[in-house]
Amino acid sequence: MGNHKLRGKDLKNINYETDKAKSLAIDIMSMHYKHYTKQEKLKVLLDVKNNPEHYLSDPILGVLASEFTCRSLKSKKEVQLLKAPGEFKVFGRKHIADQTYQQMDLAMSLPIAERGALMPDAHMGYGLPIGGVLATRNAVVPYGVGLDIGCRMSLSLFDIAPGYLKRKNYQFKMALKERTCFGSGGVLSIQQDHEILDRKEFTTTPLLRQLHGKAVKQLGTSGSGNHFVEFGEVELVDGHDFGMPLGKYLGLLSHSGSRGLGAGIARHYTGIAREKCLLPNYAQHFAWLNLDTEEGMEYWMAMNLAGDYAKACHDQIHRHLCKYLGIKPVATVENHHNFAWKEKIETGETLVIHRKGATPAGKGVLGIIPGSMTATGYIVRGKGEQSSLSSASHGAGRKMSRAQAKNSYTKSALKKVLSKAGVSLIGGGIDEAPIAYKDLDEVMASQTDLVDVIGRFTPKIVRMDKA
DNA sequence: ATGTCC
């Protein structure tokens with residue numbers, strides 16, 4: 001039986017390229033052709049692909065056939081890219097690899113692109129680079145926001161000396177083990193309840209109705225990859241505005257996003273954008289939605305819901321940890337770094353500012369630029385620099401790919417680095433080792449025009465997903 | 001990033 005099952009790979013072999021064609025094919029075959037062998041199914045599908053006009057009136061295969069004929073008709077009215085890409089400002093050029101500029105050039109060749117900038121931690125991503133900022137007029141690029149919509153930072157500051165962390169080390173570790181949840185599919189042991197789950201937006205589209213159940217299960221969880229929850233030392237420095245003396249305090253810092261909800265929204269609307277916005281193949285990831293269309297307004301609404309959900313997840317994490325430990329924060333700093341906003345720029349126009357792995361840095365706006373599991377990160381105050389579209393980096397940026405880090409580094413080497421830094425790590429893996437990241441201090445030196453540092457955060461007990 | 005394809 002198992003070898004009757006069609007996989008994406010099988011479909012790719014017969015030149016089923018788009019996600020939509022592949023998912024239609026799998027649905028139709030499992031529903032109406034379940035007694036066919038895999039070979040027979042592939043034979044049917046290949047013929048539909050090669051001779052779609054023969055199947056257009058077929059009650060079952062017609063919908064799939066029209067996918068292929070439509071494509072060939074559609075390709076005649078592709079969106080034209082600009083011959084010369086618009087200029088964009090680069091911060092920290094020496095930290096950024098060549099392909100990243102090419103990706104940004106492509107972004108600035110879109111007819112909707114008005115302004116752009118690269119942050120000093122920029123590197124390649126799907127569509128817009130991570131660390132890329134793109135300003136468009138009345139249009140949103142789902143992959144300009146990223147798959148993890150509302151990926152964000154949240155810091156709680158406590159009026160407690162950091163020595164408390166050493167004295168109550170065991171309780172802090174237990175709190176992280178008992179009150180956070182990493183990885184896919186995991187569920188928190190305690191009841192989650194938050195008004196975000198009652199938001200009426202969840203009832204307004206079939207997609208959001210479908211994703212609501214997952215949102216309920218995943219509320220207050222953290223996900224995987226570079227996401228973390230950590231306790232550490234906050235050092236407030238000159239120019240801070242927290243109403244406390246300069247010095248060191250206990251802090252709680254979290255990094256995560258909107259989990260399956262945002263991923264589902266991003267996938268869905270980038271798919272619609274690709275159908276509506278016919279870009280050449282190599283630029284497909286930049287497909288956009290106009291904000292005055294129904295789909296565009298829907299994405300904007302769903303994106304904002306995912307952003308609020310991501311915030312709710314952080315709020316739950318902080319609330320549950322504080323309750324477990326019997327402590328109360330005196331201040332909070334938080335910011336999205338994967339999102340799009342309507343913002344007025346210096347000319348007085350309102351543009352759609354996409355920040356994909358970039359920290360909002362409007363004048364006086366506070367944000368968090370995290371380090372690695374051992375490296376100190378920063379609490380910053382934006383300067384509202386126009387040439388960066390009021391943005392800054394969202395971290396140090398990777399120096400090594402995940403695979404590269406795994407191949408060139410060992411567990412025992414990581415243990416040494418952690419113990420030297422006095423950091424306890426729960427979970428985590430080689431691919432997130434500090435050595436896989438650029439030096440954040442060098443990156444910060446490239447953005448002194450963008451932000452002022454008002455505090456530092458040094459991790460002490462870090463929880464991440466298991467590698 | 002993601003129950004990594006409905």
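Throughout, protein chains are lettered first and strands after them, A, B, ... in sequence-line order, and every chain is numbered starting at 1.
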Identify whether any heavy atom of A:Gly260 sits under 4.0 Å from a base atom; if not, whether one sits that close to sugar-phosphate; answer base, sugar-phosphate or nothing. sugar-phosphate
Would you kindly give the NE2-to-C1' distance between A:His227 and B:dT2, to the nearest whole Å? 11 Å
Base, sugar-phosphate, or nothing for A:Lys9, non-hydrogen atoms under 4.0 angstrom? base
Take atom CZ of A:Arg209 and atom C1' of B:dC6, then tell me their distance rounded to the nearest Å. 17 Å
Atom-to-atom span, CD of A:Glu67 to C1' of B:dC5 - whole angstrom: 15 Å
How many whole angstroms separate atom CG of A:Leu128 from atom C1' of B:dA1? 15 Å
A:Glu432 and A:Arg402 ion-paired at < 4.0 Å: yes
Report yes if a side-chain nitrogen or oxygen of A:Arg267 is closer than 4.0 Å to either non-bridging phosphate oxygen (OP1 or OP2) of B:dT2; otherwise report no. no
Looking at A:Trp288, does the NZ or CZ of A:Lys276 lie under 6.0 angstrom from its six-membered ring centre and within 45 degrees of the ring axis? no
Below 4.0 angstrom from OP1 or OP2 of B:dT2, is there any side-chain N or O of A:Ser224? yes
At 4.0 Å (heavy atoms only), tell me whether A:Lys12 reaches a base, stays on the sugar-phosphate, or touches nothing. nothing
Rounded to the nearest Å, what distance is computed from the CG atom of residue A:Leu64 to the C1' atom of nucleotide B:dC5? 15 Å
A:Asp148 has an atom CG; how far is it from atom C1' of B:dT4, in whole Å? 14 Å
Can a cation-pi geometry be assigned to A:Arg319 and A:Tyr324, taking NZ or CZ under 6.0 Å from the six-membered ring centre and within 45° of the ring axis? no
Take A:Gln210 and A:Ser184, find for each the nucleotide of DNA chain B with the closest heavy atom, and name the residue whose nucleotide sits nearer the 5' end. A:Ser184
Applying a 4.0 Å non-hydrogen cut-off, can you work out what A:Asp27 is touching in the nucleic acid: base, sugar-phosphate, or nothing? base
OP1, OP2 of B:dA1 versus side-chain N and O of A:Asn226: anything below 4.0 Å? yes
Whole angstroms only, please: what is the CG-C1' distance between A:Asp19 and B:dT2? 13 Å
Distance, rounded to the nearest Å, where A:Ile265 contributes CD1 and B:dA1 contributes C1': 14 Å
Report which part of the nucleic acid A:Arg152 touches: base, sugar-phosphate, or nothing (heavy-atom distance under 4.0 Å, all strands). nothing
A:Cys181 and A:Arg463 have their tightest heavy-atom pair at N-NH1, 4.3 Å
Looking only at the side chain of A:Arg259 (C-beta and beyond, no hydrogens), which of the listed nucleotides B:dA1, B:dT2, B:dC6 gets closest? B:dT2
Does NZ or CZ of A:Lys311 lie under 6.0 Å from the centre of the six-membered ring of A:Tyr309, at an angle within 45° of the ring axis? no
